[in-house]
Amino acid sequence: METVLPFILGVVIVALGLAVSIALHEVGHLVPAKLFGVKVTQYMIGFGPTIFSKRRGETEYGLKAIPLGGYISMIGMFPPHKGEKVREGGTGFFQTLVQEGRTDSGPVTSAFDDSIDAREAEKSGYFGRMAADARAASAETITEGDEHRAFYLLPVWKRIIIMFGGPFMNLVIAVVLFAVLLMGFGTAQASTTVGSVSACVLPATSERQTCESTDAPSPAAAAGLLPGDRLVSIDGEPVTNWDASTAVIRESSDKELLVVVERDGSERTLTVTPLPAERYVYDDAGKNVLDADGKPETATYGFVGIGPASELVPQPATAVLPAVGENIAGVAHIIINLPERMVGIAQAAFGTGERDPNGPISVVGVGRVAGEIASIDTIPLQSKAASLIGLIASLNVALFVFNLVPLLPLDGGHIAGALWEAIRRGFAKLAGRRDPGPVDIAKLMPLTFAVVIILGGMSLLLVYADIVKPINIFG
C-alpha cells in the first residue's frame with residue numbers, strides 16, 4: 001500500500017498533464033479559427049460517447065469517454081468537387097471561392113450537388129466513393145447563411161495558421177515546462193561529494209561486478225573515504241569540480257596523494273595511493289572511444305574507486321531552447337525510423353527481444369513510468385517532481401513533432417495540402433493560367449484511411465508491449 005498510492009498519484013499527475021496538453025492543443029486550433037471567421041461547431045476532448053457538453057454560442061464544448069485525443073469541428077473542411085453548381089450568382093466552380101467574405105464576381109452562396117460526385121465515384125470505384133462521401137459530409141456541415149465561413153475558403157496562410165496552432169501550442173507548453181525544469185529545478189550534474197566507494201579493484205573488462213575475498217581493496221576503501229565526504233583538495237590543488245579530481249587521480253598511478261575531505265562539518269586529511277587499473281577511454285562527449293574492430297578502447301590509468309554524487313544545478317535561460325531542440329531532434333529520429341523500431345517492439349513483445357529505453361512508448365507505458373517514478377522512496381520529492389515535469393514536457397514535444405507529419409488526418413497533412421495549393425496557384429499565376437482553385441484533399445481519403453489503420457495497429461502493439469514487456473528506465 002505504501003507504494004501503490006504514490007504509483008497511482010504519479011499516473012494521475014501525468015494523465016492530467018496530458019489531458020491539459022490535449023485541451024490546449026485544440027485551443028490552438030480553436031482561437032485562430034474563430035478569429036478568421038470559420039464556424040466551429042464542436043470543441044471536444046476525447047473520442048466516443050459524450051460524457052458532458054455545454055453549448056456556448058454556436059460551439060458545443062464537451063468531454064468524451066475515451067481520453068486519447070481531441071478535436072474541433074470546423075464547417076467546410078473539404079472543397080466541393082470541381083464543376084459543382086452554385087446556388088446563385090454564376091455557373092462556375094471558381095465563383096464559389098470566397099476570400100474574406102467576397103469574390104471577384106461578388107457574393108455567392110454554394111450548394112452541394114452530389115450528382116457530380118456520384119458520377120465521379122462511379123468512374124473511380126470504391127476510393128472515389130470515399131472521396132465523395134468526405135465531400136458530402138463536409139458540405140452537410142455548411143448551413144444556410146454560413147457558406148462564406150467554410151474552412152476551405154480561407155486564404156492558404158490562414159489555414160496554415162489554424163492547423164499549425166495546435167502543434168504550436170504543444171511547443172509552447174514544452175518550452176515553458178523545460179524552462180521550469182532547467183531553470184527552477186536544474187539538471188543532474190556530478191558534484192564534488194563522494195557518492196559511492198568501490199570495495200575492490202576490478203578491470204573495466206571484467207565479467208564480474210562483485211568483489212571476492214581475493215580481490216585487493218580499492219585505494220579509497222583502504223584510505224577510509226566514505227560516501228558523503230566532500231572533496232576539498234587533492235595533492236594541494238583545490239577541487240572545484242569532479243572532472244578536475246578525476247584528472248589528477250588518473251595521472252597519479254602509484255603516487256601518494258593527500259586528499260582533504262569535509263566530513264560532518266570538519267576537514268580531514270587522508271592519504272590515497274591510486275593503483276594502475278584498466279579503464280575505458282572516453283571522448284570529450286563522454287562516449288566510448290572505439291578501436292578498429294569497433295570495440296571500446298581501454299587504457300591503464302590511476303584508479304581510486306570513488307564515484308560522484310549528483311546534484312541538481314539550475315541552468316540559465318539560454319539552455320532551454322537547445323534542450324527543446326534536442327528533444328525535437330530525438331522524436332523526429334524515432335519517427336523517421338519508426339518501421340524498424342516497431343519491428344523491434346514486436347520482437348520484444350512476442351519473443352525474447354529487449355525494449356529500447358529510448359524507443360517509442362504508449363500512453364499506458366508513460367503512465368507506468370510516471371507511477372514508478374512517484375513510487376521510488378530512495379529519491380527526494382524534488383527529483384520526483386522534476387522527473388514528472390520532464391515527462392510531460394517530453395510528451396508535448398512528441399505531440400508537436402508527430403502532429404506535423406505531413407499525412408492526413410494529422411495537422412501536418414492539412415498544412416501540406418495548403419502549401420501544395422499555394423505552390424500550384426503560384427505556378428498557375430506565373431504561367432498566366434486561370435486559378436486552379438483549392439486542392440481536393442478529399443481524394444486522399446483512401447490514404448487517410450490507411451494511415452488511421454496503421455496508426456491504430458501501432459498503438460495497439462505499443463500498448464500490448466508496454467503491458468507484457470515494459471520499458472525498464474531504472475536499469
Side-chain angles (χ1 to χ4, degrees), residues 3-4 6-23 25-26 44-49 51 63-71 166-167 170 327 330-375 387-388 390-405 407-412 448-475:
T3 59
V4 171
F7 186 94
I8 294 174
L9 180 61
V11 173
V12 170
I13 289 173
V14 170
L16 289 175
L18 181 58
V20 171
S21 300
I22 292 172
H25 174 101
E26 299 307 327
M44 291 289 171
I45 304 303
F47 301 104
I51 297 176
L63 181 67
K64 289 184 173 285
I66 305 174
L68 296 178
Y71 65 92
N170 292 122
N327 271 261
V331 173
H333 184 265
I334 289 176
I335 292 175
I336 292 171
N337 297 280
L338 194 56
E340 178 184 352
R341 289 177 179 270
M342 294 307 295
V343 171
I345 290 171
Q347 291 173 342
F350 300 104
T352 59
E354 293 295 328
R355 291 287 300 276
D356 180 1
N358 297 315
I361 187 172
S362 71
V363 175
V364 172
V366 171
R368 185 167 187 160
V369 170
E372 290 178 353
I373 291 172
S375 60
S387 297
L388 293 177
L391 194 59
I392 298 172
S394 296
L395 280 173
N396 275 276
V397 170
L399 288 172
F400 168 72
V401 177
F402 184 73
N403 274 286
L404 290 180
V405 174
L407 292 172
L408 292 173
L410 302 174
D411 299 328
T448 303
F449 185 65
V451 170
V452 170
I453 292 177
I454 292 172
L455 292 180
M458 287 182 175
S459 298
L460 290 175
L461 175 58
L462 279 173
V463 169
Y464 178 75
D466 286 331
I467 293 174
V468 301
K469 188 70 72 70
I471 290 176
N472 184 6
I473 63 172
F474 304 106

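Because only heavy atoms are used, hydrogens play no part in the values below, and waters and symmetry mates are left out as well, while side chains stay in.
In this structure the side chain of I471 never reaches within 4.5 angstrom of the side chain of V369, judged on heavy atoms. Contact annotation: the side chain of V401 never approaches that of N327 to less than 4.5 Å [non-hydrogen atoms, C-beta and beyond]. Under the 4.5 Å side-chain criterion, counting only non-hydrogen atoms from C-beta, V364 is not in contact with Y464.
F449 CZ to I454 CD1: the interatomic distance, rounded to the nearest 0.5 Å, is 11.0 Å. Taking CG of L391 as the reference point, atom CD1 of I361 lies at 8.0 Å (rounded to 0.5 Å). The CD1 atom of I392 sits 8.0 Å away from atom CG of N396, with the distance rounded to the nearest 0.5 Å. Rounding to the nearest 0.5 angstrom, the gap separating the CG atom in D411 from the CG atom in L408 is 10.0 Å. With rounding to the nearest 0.5 Å, the separation of CZ in R355 from CG in L462 is 6.5 Å. A distance of 11.0 Å separates CD1 in I45 from NZ in K64, rounded to the nearest 0.5 Å.
Annotation: side-chain hydrogen bond (donor to acceptor under 3.5 Å, both in side chains) contacts of K469 (sequence neighbours excluded): none. Scored by the side-chain contact (heavy atoms from CB on, under 4.5 Å) test, L455 finds F402, V451 as partners (sequence neighbours excluded).
For the residue pair A65 and I51, the shortest heavy atom distance occurs at CA-CD1, 3.6 Å. Nearest heavy-atom pair across N403 and L410 is O-CB, 3.9 Å. S387 approaches I373 most closely through the heavy-atom pair CB-CG2, 3.7 Å. The minimum heavy-atom distance linking P360 with I345 is given by the pair CG-CD1, 3.5 Å. The nearest pair of heavy atoms linking S375 to P6 is CA-CB, 3.8 Å. I334 and G359 get closest at one heavy-atom pair: CD1-C, 4.4 Å.
D466 places a side-chain N or O within donor-acceptor distance of the main-chain N or O of S362, the cut-off being under 3.5 Å.
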Less than 3.5 Å apart, which donor and acceptor atoms pair up between the side chains of residues 335-344 and the rest of the protein, not counting sequence neighbours?
from	atom 1	to	atom 2	distance (Å)
N337	ND2	H333	O	2.7
N337	ND2	H333	NE2	3.3
R341	NH1	D356	OD2	3.2

